[in-house]
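Below is one structure; the comments refer to it alone.
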Amino acid sequence: MANKILLETIISNLSEAVRVIKANKIRTFLTALGIIFGVAAVITMLAIGKGAEQEILAQLDLVGVNNIVVTPIPDEVEANNSEAEEDDSGAAETIRFSKGLDLLDVTSIKNNIPTVKMLSPEIILETYMINKGRQSSVRLIGVTNSFFQTSNVHIGQGENFTDIQTTSALPVCIIGEKVEKKLFTGESAIGKHIKVKDVWLKVIGIIEEKLISETAQENLGIRDLNQDIYIPIKTFLVRYKDRKIISDEPIDFGSGMVVISSGNNGPKKRLPRGNYHQIDKLTIQVNNSNELKSTAEVVSKMLKRKHNGMLDFEITIPINLLKQQQKTKQIFNIVLSIIAGISLLIGGIGIMNIMLASILERTKEIGIMKAIGATKQDIILQFLSESILISLSGGIIGCILGIVASYILEFATDIETIVSVSSILLSFFVATFIGLIFGVLPAKSAANKNPIEAIRHE
């Protein structure tokens with residue numbers, strides 16, 4: 001019985017609240033604007049935060065949690081830096097020679113640094129492939145089997161390189177899924193041959209497609225692995241190119257060191273050697289993430305000593321770059337949260353203001369309610385119902401606006417957004433809470449109002 005009476009009371013209060021809101025549609029809408037934009041901002045903020053979190057996790061999967069990346073610096077950059085230093089100091093330094101980043105460095109790191117779990121050298125060649133008389137550009141990558149583990153790449157079809165294939169430099173390859181779709185539309189590429197430059201390669205495997213955003217490629221220097229062709233690193237060195245081998249071809253200025261002197265005592269300059277490094281990238285995977293920094297320092301010292309004191313390489317820890325990105329996005333989310341909070345606060349103040357103004361207009365109505373036996377509690381519940389209903393209405397509109405804004409933002413800026421059910425429920429809770437908190441003061445003011453004295457003053 002008591003529950004039935006309570007239900008009837010709630011329905012009666014809500015019906016009266018709907019009547020009052022309908023009677024003042026424009027004023028109610030303007031009052032709810034703060035709630036609408038606040039809730040929309042909350043949903044958009046949470047969608048951006050969720051999308052950023054998902055993107056960070058996806059990028060972690062791409063770069064590896066415990067990876068260190070060593071990349072060679074082309075001699076053009078070194079030569080420019082050396083000239084700048086000479087201009088500043090006024091004197092030329094002794095010219096040094098570095099053998100470059102090579103497989104001997106890989107062996108040294110593997111044998112001398114106990115914290116290293118796995119190494120993955122890569123050699124990259126921008127070349128072309130020929131299929132059915134048509135030529136198209138492609139990226140050819142010389143790798144070891146460790147590459148697929150350090151890069152979290154899985155073979156979807158076929159198999160990995162065997163020991164015989166890697167040691168005997170056999171012409172076999174593993175291709176990305178996009179390469180298969182491009183060359184073998186509607187059929188499997190396993191067992192078929194493709195001509196890359198002047199060499200026919202047999203396809204023995206196809207990697208699973210990995211979704212890599214343009215942002216990740218730009219910020220972390222990650223390639224689109226789905227568009228590459230992978231061959232054993234020894235196959236690359238034997239059948240394509242090994243930069244450590246001195247050929248009998250005519251010398252050009254891009255393949256060696258040339259010293260030009262303007263006289264016996266004149267300044268010496270050297271032309272850049274181009275890319276003299278045997279490998280183009282080295283990924284080092286350590287056992288634990290807390291060993292990343294110390295291992296990177298040891299690797300740097302070792303390589304600098306082996307390269308005759310020349311710093312012709314760069315060492316990066318991808319997870320540190322991701323942490324910096326995450327920190328930047330967190331700051332952005334905090335700023336957006338403050339804006340959303342201010343908007344909700346303004347919305348709550350607007351509700352309180354309009355409810356107080358409504359009490360002055362409804363003095364006679366309050367008097368009639370008291371005259372027919374309404375208690376203070378009844379009046380408080382009535383005005384609280386109106387306040388909460390205004391907030392909920394604004395919350396519903398705000399939710400719709402926030403969801404639409406999230407998808408528009410993703411479409412227009414390529415920022416990944418994920419709208420979750422929890423963010424919508426949180427927004428409803430916040431809207432209800434705002435209506436309840438900022439409706440208490442007007443409701444109590446209405447309950448304590450003396451209609452007779454108010455009418456006398458009028």
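Ile73 and His277 make their closest contact through O-NE2, 3.2 Å (heavy atoms, listed as atom of the first residue, atom of the second, distance). Contact between Pro442 and Met355 at its shortest, heavy atoms only, is CB-CB, 3.5 Å. Minimum heavy-atom separation, Cys399 to Val39: N-CG1, 3.7 Å. Ala443 and Leu384 get closest at one heavy-atom pair: CB-CG, 4.1 Å. Across Thr44 and Ala405, no two heavy atoms sit closer than the pair OG1-CB, 4.0 Å. Of all heavy-atom pairs between Lys244 and Lys99, the closest is NZ-O, 4.0 Å.
Atom CG of Leu33 and atom CD1 of Ile397 lie 8.5 Å apart (nearest 0.5 Å). Note that CD of Gln285 and CD of Gln149 are 8.0 Å apart. Values are rounded to the nearest 0.5 Å. Taking OG1 of Thr71 as the start and CD of Glu314 as the end, the distance is 4.5 Å to the nearest 0.5 Å. Here the SG atom belonging to Cys173 is positioned 4.0 Å from the CD1 atom belonging to Ile194, to the nearest 0.5 angstrom. If you take CD1 on Ile338 and CG on Leu345, they are separated by 13.0 Å, rounding to the nearest 0.5 Å. Atom-to-atom distance recorded for Leu119:CG and Thr107:OG1 is 9.0 Å, nearest 0.5 angstrom.
The environment of CD1 in Ile331 is crowded: more than 12 heavy-atom neighbours from other residues, nucleotides or ligands sit within 6.0 Å. The local environment of CG in Asn111 is crowded, with over 12 non-hydrogen atoms from other residues, nucleotides or ligands closer than 6.0 Å.
In this structure, the side chains of Ile231 and Tyr240 come closer than 4.5 Å at one or more pairs of heavy atoms. Considering only heavy atoms from C-beta on, Thr283 stays 4.5 Å or farther from Ile68 through its side chain. Residues Ile155 and Ile174 meet the side-chain proximity criterion, which asks for heavy atoms closer than 4.5 Å. Counting heavy atoms from C-beta outward, Val143 and Ile233 have side chains that stay 4.5 Å or more apart. Here the side chains of Leu401 and Ile36 are in contact, with some heavy-atom distance below 4.5 Å. Residues Gln135 and Met129 form no side-chain contact, since every pair of their non-hydrogen atoms from C-beta on lies 4.5 Å or further apart. For the pair Ser387/Leu436, no side-chain contact is recorded, criterion being any heavy-atom separation below 4.5 Å from C-beta on. The closest side-chain heavy-atom distance from Lys281 to Leu101 is not below 4.5 Å.
Scored by the side chain to side chain donor-acceptor pair (under 3.5 Å) test, Arg239 finds no partners at all (sequence neighbours excluded).
If you look at His307 and Phe313, their ring centroids are closer than 6.0 Å.
A perpendicular orientation is assigned to the rings of Phe148 and Tyr230, their planes being inclined by more than 60° (bins at 30° and 60°).
Looking at His193, its side chain never comes within 3.5 Å of a backbone N or O of Val203 through a donor-acceptor pair. A donor-acceptor distance shorter than 3.5 angstrom exists from the side chain of Thr417 to the backbone of Ser406, with no hydrogens or angles considered. Side-chain atoms of Ser300 do not come within 3.5 Å of backbone N or O of Ala296 as any donor-acceptor pair. At distances below 3.5 Å, not a single donor-acceptor pair connects side-chain atoms of Glu187 with backbone N or O atoms of Phe184. With Glu180 contributing its side chain and Ala189 its backbone, the two residues share a donor-acceptor pair below 3.5 Å. The main-chain N or O of Gly100 is found under 3.5 Å from a side-chain atom of Ser98 such that the two form a donor-acceptor pair. One N or O on the side chain of Lys234 and one on the backbone of Thr167 form a donor-acceptor pair closer than 3.5 Å. Side chain of Asn353 to main chain of Ile349: no donor-acceptor pair is present (N/O by atom type, distance under 3.5 Å, no hydrogens or angles). Proximity of a side-chain donor or acceptor of Ser168 to a complementary backbone N or O of Gln165 within less than 3.5 Å is not detected. Listed for the Asp102 side chain is a donor-acceptor partner under 3.5 Å among the backbone atoms of Asp105.
No salt bridge links Lys178 with Asp228; every basic N to acidic carboxylate O contact stays at or beyond 4.0 Å. Between Arg243 and Asp280 a salt bridge is recorded (basic side-chain N to carboxylate O distance below 4.0 Å).
Residues Thr295 and Thr115 have side chains that bring a donor and an acceptor to within less than 3.5 angstrom of each other.
For residues 282-303, no pair satisfies salt bridge (charged side-chain N to carboxylate O under 4.0 Å, His left out), with sequence neighbours left out.
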Donor-acceptor pairs under 3.5 angstrom involving side-chain atoms of residues 423-435: please list them, not counting sequence neighbours.
residue : atom : partner : partner atom : Å
Ser423  : OG   : Ser420  : O            : 2.6
Ser427  : OG   : Ser423  : O            : 2.8
Thr432  : OG1  : Phe428  : O            : 2.8

Applying side chain to side chain contact (heavy atoms under 4.5 Å, CB included) to Ile109 and Met302, what does each step give before you reach the verdict? CA-CA 8 Å; Ile109 293 171; Met302 176 184 288; 3.9 Å; yes
Pair Leu237-Leu103, side chain to side chain contact (heavy atoms under 4.5 Å, CB included): steps then yes or no: CA-CA 11 Å; Leu237 295 173; Leu103 293 176; 3.7 Å; yes
Full working for side chain to side chain contact (heavy atoms under 4.5 Å, CB included) between Gln157 and Ser188: CA-CA 9 Å; Gln157 302 176 45; Ser188 175; 3.8 Å; yes
Apply the test side chain to side chain contact (heavy atoms under 4.5 Å, CB included) to residues Asn287 and Asn66: give CA-CA distance (whole Å), side-chain angles for both, the deciding distance (0.1 Å), then the verdict. CA-CA 7 Å; Asn287 294 310; Asn66 299 334; over 6 Å; no
